[in-house]
Amino acid sequence: MGGFFAAALKEDCVFDLFYGTDYHSHLGTRRAGMAVYGKNGFNRAIHNIENSPFRSKFHADLKDMEGNIGIGSISDYDPQPLLVRSHHGTYAILTVGKINNTDELVKLIFQKDHTHFLEMSGGDINKTELTATLINTRDNLVDGIRYAQEMIDGSMTILLLTQKGIYCARDRYGRTPLVIGKKDTGYCATFESFAYLNLGYRPVRELGPGEIVVMTPEAVTTLSAPGKEMKICTFLWIYYGYPSSEYEGISVETMRNACGAKLAMRDGFTKDDIDSVAGVPDSGTAHAIGYANASGVPFSRPFVKYTPTWPRSFMPTHQDKRNLIAHMKLIPVHELINGKRLLLIDDSIVRGTQLRETTEFLYDSGAKEVHIRPACPPLLFGCKYINFSRSNSEMELIARRVIQEEEGVEVTRTILEDYANPDSDRYHRMLERIRQKLNFTSLAYNRLDDMIEATGLPKESLCTYCWDGRE
């Protein structure tokens, strides 16, 4: 996915920009960048962060960067921010989102103009450059941003740094957050709400869906009013968000606790059924604490994650290497495993490879039983908006593979809707096939209605596409 931080101050902003961007390192895996504007004009730095943390890569750049306004990003793939010179003048731009109709947009642009694209990431056009090209087809930046967001099939939040201020535009349906903070010397804009707290900012507000503002050291001014329809990604609470974050006023940690409690109430397990509840670190931990508190079954940590020298599990490009690193990071505590009946909560099951290996690891360490409780429903559709599952094909999702095996024919939308219904026979057959394939003692997913209730937001305000296919 990716994250961002921006600052517009009456003083130099580089310190805030550096640490505010670093606080988004959990959201991106491959690229990071900062761009500032000051008395010497624009200054930009971009680095690969696959094998070194953000602070290590950018610390040397700090002495050469100065300016009172700037933007920074952590990205999965595309190098950014980009510096663009157009009829709007020179600006720096970064984006967070996904474009599904790249080929269609490029064809449209080529038909109207003899332009070309310079930024290529793995042979693909950089989505931020494509967004900038769409913006540049209009007479002013606000119209250009609106046009880009209307034309993009997917989702696109945009930060655009000019000499006079920073344009901040939340994606049309608010699938990702954009939060404004304030302190005596100016303002900041951030993806994660906690990122500005230790830098002395106070919360102001979250931008509404599709809202566009311009941020200067003196003010944040709305240039395009927010839309009425919101579809914020529910997976932000389930997995991506940092525990200290909140979105639309809902705490990530509190929501995860509530999710675990919902699982416990559905199960009805007690100390007579299982010996302890554990979470797959780190994102499963809060869910597991909620389950333990609601059920009365003790919470434990039968394994711990060794993180000082290991990168995030999905960092390497090759899936087998990601699985190996995920396995090598887990260190068992045999006294809490041997002979125990364990209930393990993970944020989700995507391909199933890592969780199967984790289960085998627990059995090899002496576990008597391993019950699995994912904190969200089965993933049936690849994400169209923020790329959270990182699957190249929906058939990489274990639930879809199992459904294909079960049906043996072309799987229609109607059939998938039946599999998404937790009260259907198809749903229960799917769960049993997954349980057998991954060698769990038992398997029960969180229900969509319970998960939505745990957020405290109405379903119509949440994106649940990856679970039910509803846009």
Side-chain angles (χ1 to χ4, degrees), residues 1-4 27-33 46 71 73-84 86 91-113 115-138 141-160 167-178 191 209-212 224 227 229-233 235-236 240 381-394 396 463 465-466 469 471:
M1 190 168 60
F4 56 79
L27 293 173
T29 61
R30 298 185 66 183
R31 298 286 186 272
I46 295 177
I71 59 177
S73 70
I74 303 283
S75 301
D76 275 344
Y77 298 108
D78 294 326
Q80 56 173 346
L82 300 182
L83 282 177
V84 177
S86 73
Y91 62 82
I93 182 173
L94 67 83
T95 64
V96 169
K98 185 180 179 184
I99 302 177
N100 299 310
N101 58 335
T102 296
D103 291 344
E104 176 186 328
L105 293 175
V106 170
K107 182 178 179 181
L108 178 66
I109 291 167
F110 283 162
Q111 286 175 346
K112 294 184 176 181
D113 192 10
T115 189
H116 58 274
F117 294 94
L118 297 175
E119 295 285 347
M120 306 293 285
S121 303
D124 296 327
I125 292 173
N126 184 306
K127 71 177 187 301
T128 302
E129 185 178 11
L130 178 54
T131 302
T133 304
L134 291 168
I135 291 171
N136 292 338
T137 63
R138 293 299 181 261
L141 289 173
V142 175
D143 286 347
I145 291 169
R146 277 199 294 249
Y147 174 72
Q149 292 183 323
E150 289 168 1
M151 295 298 294
I152 288 170
D153 174 18
S155 175
M156 193 57 62
T157 288
I158 302 166
L159 295 189
L160 195 152
Y167 291 81
C168 307
R170 189 174 178 183
D171 66 275
R172 289 181 69 195
Y173 295 104
R175 298 185 194 275
T176 52
L178 202 165
F191 183 111
E211 183 175 1
I212 304 173
S224 183
E229 185 178 358
M230 182 173 70
K231 289 288 183 180
I232 187 169
C233 172
F235 213 68
L236 289 168
Y240 256 123
F381 301 89
C383 178
K384 294 175 61 177
Y385 305 107
I386 62 173
N387 238 2
F388 82 84
S389 71
R390 306 183 62 79
S391 296
N392 295 321
S393 165
E394 288 183 334
E396 291 184 30
C463 180
Y465 177 82
C466 55
E471 300 184 24

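Being a predicted model, the structure only gives us computed values, none of them experimental.
Taking NZ of K384 as the reference point, atom OG of S155 lies at 11.5 Å (rounded to 0.5 Å). To the nearest 0.5 Å, atom CG of residue L94 and atom CD1 of residue I71 are 4.0 Å apart. Atom CG of L27 is separated from atom OG of S73 by 11.5 Å, given to the nearest 0.5 angstrom. Distance CZ/R30 to CD1/I74: 14.0 Å, rounded to 0.5 Å. I386 CD1 to Y465 OH: the interatomic distance, rounded to the nearest 0.5 Å, is 13.5 Å. To the nearest 0.5 Å, atom NZ of residue K127 and atom CG of residue L82 are 9.5 Å apart.
For the residue pair C233 and C463, the shortest heavy atom distance occurs at CA-CB, 4.1 Å. Heavy-atom minimum distance, Q149 versus M156: NE2-O, 2.8 Å. Summarising the geometry of S75 relative to Q80, their closest heavy-atom pair is OG-NE2, 2.8 Å, with the distance given to 0.1 Å. R146 and I212 get closest at one heavy-atom pair: CG-CD1, 3.7 Å. The two residues A92 and L83 make their nearest non-hydrogen contact at CB-CD2, 3.8 Å. Among all heavy-atom pairs drawn from K98 and I152, the shortest one is O-CG2, 4.0 Å.
Within the 4.5 Å cutoff, side-chain heavy atoms of L160 are placed close to those of I135. Side chains of Y77 and R31 form no contact here, defined as non-hydrogen atoms less than 4.5 Å apart. Under the 4.5 Å side-chain criterion, counting only non-hydrogen atoms from C-beta, D124 is not in contact with T102. The shortest side-chain heavy-atom distance between R170 and M230 falls under the 4.5 Å cut-off. Inter-residue side-chain proximity for L236 and F191 is flagged as met; some heavy-atom pair is nearer than 4.5 Å. When side chains are defined from C-beta on, L130 counts as touching I109, because their heavy atoms get closer than 4.5 Å. The closest side-chain heavy-atom distance from L159 to L178 is below 4.5 Å.
Every residue meeting the side-chain contact (heavy atoms from CB on, under 4.5 Å) condition with E229, not counting sequence neighbours, appears here in chain and number order: Y173, K231. E104 is linked by a side-chain hydrogen bond (donor to acceptor under 3.5 Å, both in side chains) to nothing, counting only residues two or more places apart in sequence or in another chain.
Distance alone, capped at 3.5 Å, is enough to place a donor-acceptor pair between the N100 side chain and the D153 backbone.
Under 3.5 Å, the side chains of T176 and T157 contain a donor-acceptor pair of N or O atoms.
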What do the steps show when you test Y167 against I158 for side chain to side chain contact (heavy atoms under 4.5 Å, CB included), and what is the final call?
CA-CA 8 Å; Y167 291 81; I158 302 166; over 6 Å; no
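If you run side chain to side chain donor-acceptor pair (under 3.5 Å) between T128 and each of D78, T133, T95, only T95 comes through.
Using cut-offs of 30° and 60° for the angle between ring planes, the Y240 and F235 rings count as perpendicular.
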